[in-house]
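Atom set for the values below is all heavy atoms of this structure, side chains included, hydrogens, waters and symmetry mates excluded. Whatever order the structure lists ligands and atoms in, that order sets their numbers, starting from 1. We count residues from 1, following the sequence as given.
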Amino acid sequence: MFSKTLIILLIVNFVSDSYGQKNKKFFRKDYTYIDATETFYKINSLPSTWADAKRICALEGAIFWHPDNELEAKAVIEFWKKTKPNIPWLWTAFSDILVEGRFETVEGKPSSEVFTNWQHGTPDNYQGNEDCTHMSTVPDMNDYRCDSKALFICKKTLQSLEWNNNCDMPNLDYTYSPTTGKCYKLHTTPLNWTEANDRCQLEQSTLAVIRNSLEADYLVKLIQSTPKPRIKGKYQRGVYHLGFHNRFNEGWQTITGKPLESEDEDWFDNYKPDGEDECGSMFFNGRLINTDCDMKSLFICQHGADSLLEPIDIRLSSQPYVGGGVE
Ligand SMILES: *[C@@H]1O[C@H](CO)[C@@H](O)[C@H](O)[C@H]1NC(C)=O
């Protein structure tokens with residue numbers, strides 16, 4: 001009886017000790033905690049359309065920012081002036097995209113529930129084409145074209161923070177592998193290699209790199225245990241993008257620029273990329289293959305960059321890829 005309770009306690013502790021994490025007040029290293037609002041913020045430095053801003057915040061596990069009240073507007077603008085003093089305007093997550101004239105945040109909060117301070121004469125929906133909102137450090141707001149590009153802020157409340165203790169990261173959908181000591185996520189929406197790499201980075205990860213047979217075997221098991229997604233449209237079945245490439249024709253290298261090296265001569269002999277395809281992937285059976293960087297595939301992200309500094313195994317398949325739903 002005692003041991004059962006103990007085991008349950010241990011499991012609960014191990015899997016989701018978000019309470020402990022909340023005490024640490026840490027979400028991601030690129031987010032800053034502001035005490036006054038008990039929220040983490042990041043000013044995203046990639047000028048983006050309004051829709052991309054919303055998407056990127058969500059992929060980072062956060063929410064596109066619009067101030068809930070004056071206190072939050074002031075606290076965040078103070079942070080903004082300190083960190084990006086030369087940026088006069090930032091997108092905020094307030095738009096009337098859904099219903100013309102009815103502004104709301106991406107969380108569906110209407111004007112009455114959030115901070116608003118429109119500039120004189122706005123919103124004016126200039127030329128019938130201004131459904132999004134940006135804010136100055138005043139702070140005041142103006143409606144603007146959603147397809148123009150600006151910096152933006154993502155936010156994450158301390159209250160909503162969850163923690164994946166095994167992987168020491170907020171993303172609960174990463175799985176810890178005790179055999180490799182790393183965390184992985186198999187993405188089931190196909191992307192091309194560059195997009196896949198960007199997606200992993202938004203999750204503070206990199207495309208996975210296989211370093212030895214244990215890691216290859218684990219990824220094969222991960223693929224086998226993931227339900228096959230139903231996907232419309234063209235993508236490479238049975239192929240999973242990984243973190244190596246020869247895009248600069250400098251030789252095959254990992255995502256961190258380390259040359260591909262293997263201590264195992266047998267595997268090294270299998271290093272036979274053929275044709276022009278310069279991106280690295282894995283066949284569903286664990287063999288490495290080179291693929292067209294433009295082709296969409298499922299892909300695997302790995303959390304824990306330190307592993308990338310160690311040599312990896314080369315297991316490029318010498319068998320040509322036959323395509324089709326072989327898996
Ligand atoms: C991958 O997709 C992006 C976005 O759709 C596109 O811009 C890019 O040209 C594609 N190919 C490569 C090799 O990045």
Side-chain angles (χ1 to χ4, degrees), residues 30 44-62 64 91 97 106 132 145-152 154 171 173 184-210 219 223 229-260 271-284 287-303 305 308 312 314 316-317 320-325:
D30 49 350
N44 225 301
S45 317
L46 184 70
S48 303
T49 64
W50 191 90
D52 276 345
K54 177 180 170 184
R55 192 179 61 88
I56 289 168
C57 289
L59 291 173
E60 289 187 352
F64 189 12
W91 280 134
I97 289 174
V106 294
C132 291
R145 291 178 60 129
C146 302
D147 60 358
S148 56
K149 290 189 175 177
L151 306 194
F152 56 98
C154 305
N171 306 51
D173 50 5
Y184 303 95
K185 174 177 172 183
L186 195 161
H187 277 263
T188 53
T189 302
L191 294 177
N192 75 31
W193 194 88
T194 321
E195 293 170 313
N197 185 41
D198 289 348
R199 182 61 60 88
C200 293
Q201 280 183 17
L202 287 173
E203 296 173 351
Q204 302 178 285
S205 302
T206 60
L207 278 169
V209 174
I210 296 177
L219 295 191
I223 290 166
R230 295 181 166 272
I231 297 162
K232 284 189 229 133
K234 206 173 152 207
Y235 79 103
Q236 303 186 97
R237 281 161 215 279
V239 170
Y240 299 81
H241 287 318
L242 292 185
F244 66 101
H245 66 93
N246 183 29
R247 289 178 306 156
F248 314 128
N249 279 308
E250 291 169 349
W252 287 85
Q253 56 185 266
T254 71
I255 204 85
T256 52
K258 302 279 167 204
L260 281 188
Y271 178 40
K272 285 173 190 148
D274 55 355
E276 306 274 281
D277 298 338
E278 306 291 16
C279 278
S281 304
M282 181 182 116
F283 206 41
F284 66 90
R287 304 290 286 188
L288 301 187
I289 51 166
N290 59 317
T291 53
D292 184 343
C293 300
D294 278 324
M295 286 294 285
K296 287 180 192 281
S297 293
L298 306 192
F299 57 99
I300 300 170
C301 302
Q302 165 189 318
H303 184 70
L308 298 175
I312 66 154
I314 312 302
L316 273 158
S317 174
Y321 171 58
V322 282

Next on the checklist: For the residue pair Gln253 / Glu250, report whether a side-chain donor-acceptor contact shorter than 3.5 Å exists.
Outcome noted: yes
Next on the checklist: I'd like to know if the side chain of Glu203 pairs up with that of Asn171 as donor and acceptor (distance under 3.5 Å, no hydrogens or angles considered).
Outcome noted: no
Checklist entry - Parallel, tilted or perpendicular: which describes the rings of Phe152 and Phe64, with under 30° parallel and over 60° perpendicular? => result perpendicular
Checklist entry - Taking any residue with a non-hydrogen atom under 4.0 angstrom from an atom of ligand 1, which ones do you get? => result Asn192, Thr194, Glu195, Cys293, Asp294
Checklist entry - Between Trp193 and His245, is the gap from one ring center to the other below 6.0 Å? => result yes
Next on the checklist: Would you say His241 and Glu195 are linked by a side-chain donor-acceptor pair, where the criterion is simply a distance under 3.5 Å?
Outcome noted: no
Checklist entry - Has Lys296 got more than 12 heavy atoms of other residues, nucleotides or ligands less than 6.0 Å from its NZ? => result yes
